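Inspection log for the structure reproduced underneath, given as structure tokens.
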Amino acid sequence: MALVPLNLLVTHDGKSKRQHVTCRFKCGDACSKPVRNTSDNEYFGDIAKAVSRRSLLRASGIAVLAVGAGSVLAACGNGEQPAATPTSSTEPAAETPPGMKFQAVAPNSEDAVVIPDGYAQAVVISWGDPILDGAPKFDVRNQTGAAQRAQFGFNNDFAGLLPIDGQPNRFLLVTNHEYVDPLFMFPGYKSDAPTREQFDVEIAAIGMGVVEVERVPGGGLKPVMGRYNRRITADTPMTLVGPAAGTDFVKTSADPAGRTVAGTFANCAGGVTPWGTVLSGEENFQDYFGAAEGTAKPKAADADRYDRYGIPLEPSELLWETFDPRFDVAKTPNEPNRFGYIVELNPWDPNSTPVKHSAMGRFRHEAANIYITDDGTVVAYSGDDERFDYMYKFVSSKKMQPGKDPAALAHNMTLLDEGTLYVAKLTSDIPPADIDGSGKLPAKGSFSGTGTWLPLLRSGPNGQAESLVPGVTAQEAAVFTRFAADKAGATKMDRPEDFEANPKTGKVYVALTNNDERGAPGEALPDAANPRNDNKSGQILEITDNHAGTDFTWELLLVCGDPAAADTYFAGFDKTKVSPISCPDNLAFDSHGNLWISTDGNALDSNDGLFAVALDGPNRGETKQFLTVPLGAETCGPIITDDLVTVCVQHPGEHDDNNVDNPLSRWPEGGNGTARPSVVAVWKTDGQIGV
């Protein structure tokens with residue numbers, strides 16, 4: 001690839017490329033609203049000052065007691081702080097590692113999926129394609145709720161590919177359908193007067209989907225009308241389990257027992273479990289609720305809870321509350337408390353009821369991904385995707401049972417109901433003067449530190465639970481987890497999204513997408529893990545975790561953005577030899593141990609894309625762009641195998657100045673076609689991916 005001249009005077013002036021219309025329908029325009037986390041949790045500057053003071057007192061022979069497990073760094077036997085471990089090799093860069101030997105795609109603004117030379121691509125499935133028998137062919141001008149229930153949903157995000165035993169080259173493609181944007185679904189849509197039929201289509205267009213797919217010889221994947229095919233929608237019955245189930249916080253007139261929830265929505269990222277189920281994160285669920293002006297008058301405690309979770313007390317963008325009272329917080333005030341959980345789906349049983357696991361907490365779950373320790377302990381990692389919110393993990397008190405028989409599956413589907421929920425507190429010994437908000441590397445040469453997992457909630461059988469935060473009940477910790485984490489003193493992060501553990505090393509990686517409020521007046525200042533003010537391009541955090549324990553070390557692998565800018569960092573790799581990357585969102589790994597990153601909201605002058613990053617050896621930090629997605633789209637749900645890459649192309653053509661009647665994009669059909677969210681497969685025409 002062409003070398004990029006390194007200009008140390010370059011700074012980031014761009015904004016996220018995400019359009020306002022995307023923000024309206026995807027996250028309720030969260031970035032234009034006040035920051036929801038108003039807690040006064042300490043930031044690294046406070047901690048570092050305390051560490052410096054303790055060091056001074058120690059030198060004077062004065063003993064100091066640390067208050068709070070998360071406020072002191074791990075010490076060596078002589079009482080001094082451990083020396084920093086070098087994080088990037090001084091050896092000259094070697095040949096690009098296996099899995100990354102493709103010609104990097106240049107930044108571009110094409111209305112196409114752009115891939116490297118020597119590769120081919122094909123659309124697997126698009127919004128509206130039939131997946132159940134009897135489904136009509138997609139017709140954007142004649143879409144109905146009944147048709148949509150039998151068709152592939154809108155705005156696919158996460159995707160998992162599960163092999164079907166005994167059927168080579170046959171898989172289950174399980175996807176999340178995150179949100180609807182009626183401006184790009186319905187010709188002639190009137191935002192102030194949606195129709196009942198449009199509401200019915202929207203209810204049916206989001207949630208999840210299961211589709212059998214078959215590998216095309218020498219090519220991609222094609223959908224099959226298989227027996228596993230299924231749509232899960234915003235009104236599919238779900239079972240709520242764990243400490244929240246049956247409490248007064250989740251009971252409604254339609255469900256006085258508080259254990260059966262209608263539907264799931266705002267399903268963002270997710271994960272495939274080692275026992276063969278799929279986890280889906282309910283993220284921006286708050287967008288679907290509202291109330292007529294002046295009708296919602298909650299009690300003070302409920303008002304605070306609505307505010308911390310962003311539940312509006314005014315008409316919603318979609319106006320679902322005008323069609324169904326469960327979306328009206330004035331009429332059904334507890335309904336929002338029934339969303340924001342991790343949903344577990346058994347895709348192998350089309351008649352199974354999905355489960356919402358409240359022991360894992362309620363917040364804007366980007367995803368949940370599983371790591372199994374050597375002794376069989378199950379650990380689930382999840383990020384709360386909002387500015388200044390937190391990173392969590394759940395450690396099960398039960399062990400996974402091997403095998404696929406019904407008894408093992410039944411046991412394993414309870415693993416996320418019993419255990420301990422933790423939130424992360426990060427610390428660093430980097431002096432505050434070294435973190436000035438510019439992103440400049442500290443004197444030690446990297447951003448790194450240690451951390452502690454703070455316990456919030458311990459759950460047991462049959463929903464029994466114990467709060468581990470004084471002044472918070474177990475039920476409150478399960479339903480209003482953000483408040484428990486605030487009180488525990490968690491570290492405010494820059495939008496923690498996907499969490500993934502490297503299957504080769506066990507190290508855990510977190511996509512911190514961006515945060516344009518970092519360092520703003522009255523908000524948290526930059527710290528070692530979030531080192532830039534007005535952070536538009538995000539960073540990748542690498543955690544070496546004591547998975548079943550409470551201690552970890554961390555460092556920043558990437559500080560994303562323009563490689564020519566002084567505030568970017570690629571693990572010490574030569575920045576003239578990397579692809580520009582901005583706004584990391586979803587993560588995956590290939591069989592070689594390389595990290596793959598999809599982006600959402602590229603703040604640089606290019607479409608979003610998919611990138612591969614080397615993690616070890618002299619090439620650690622080498623970053624190469626594998627593909628870009630069309631105009632207006634984001635890249636989601638990457639799946640990386642030795643001979644196939646798939647990505648979800650979400651909201652193609654979504655732009656403030658356009659709609660379905662005046663399209664920016666015609667991808668994937670071209671001609672006079674409608675822009676449709678789709679899954680795309682990419683393969684190498686003469687061998688393995690990146691080899």
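Atom set for the values below is all heavy atoms of this structure, side chains included, hydrogens, waters and symmetry mates excluded. Nothing here was measured: the structure is a model prediction, and the numbers come from that model.
Between R364 and D385, no side-chain nitrogen of the basic residue sits less than 4.0 Å from a carboxylate oxygen of the acidic one, so the salt-bridge criterion is not met.
In this structure, the side chains of V355 and V343 stay at 4.5 Å or more apart for every pair of heavy atoms. By the 4.5 Å heavy-atom criterion applied to side chains, E110 and T628 are not counted as neighbours. The closest side-chain heavy-atom distance from L172 to W348 is below 4.5 Å. Counting heavy atoms from C-beta outward, L183 and F25 have side chains that approach closer than 4.5 Å.
For Y509 and F499, the ring centers sit 6.0 Å or farther from each other.
Other residues, nucleotides and ligands place more than 12 heavy atoms under 6.0 Å from the CG atom of N662.
Checked against side-chain hydrogen bond (donor to acceptor under 3.5 Å, both in side chains), N659 has no partners two or more places apart in sequence or in another chain. Remark: W683 engages no residue in a side-chain hydrogen bond (donor to acceptor under 3.5 Å, both in side chains) (not counting sequence neighbours). Here E178 pairs with K26 under the salt bridge (charged side-chain N to carboxylate O under 4.0 Å, His left out) rule; sequence neighbours left out.
Cation-pi geometry between K624 and F102 is satisfied (NZ or CZ under 6.0 Å from the ring centre, within 45° of the ring normal).
Between the side chains of W127 and Q148, at least one donor N or O lies within less than 3.5 Å of an accepting N or O.
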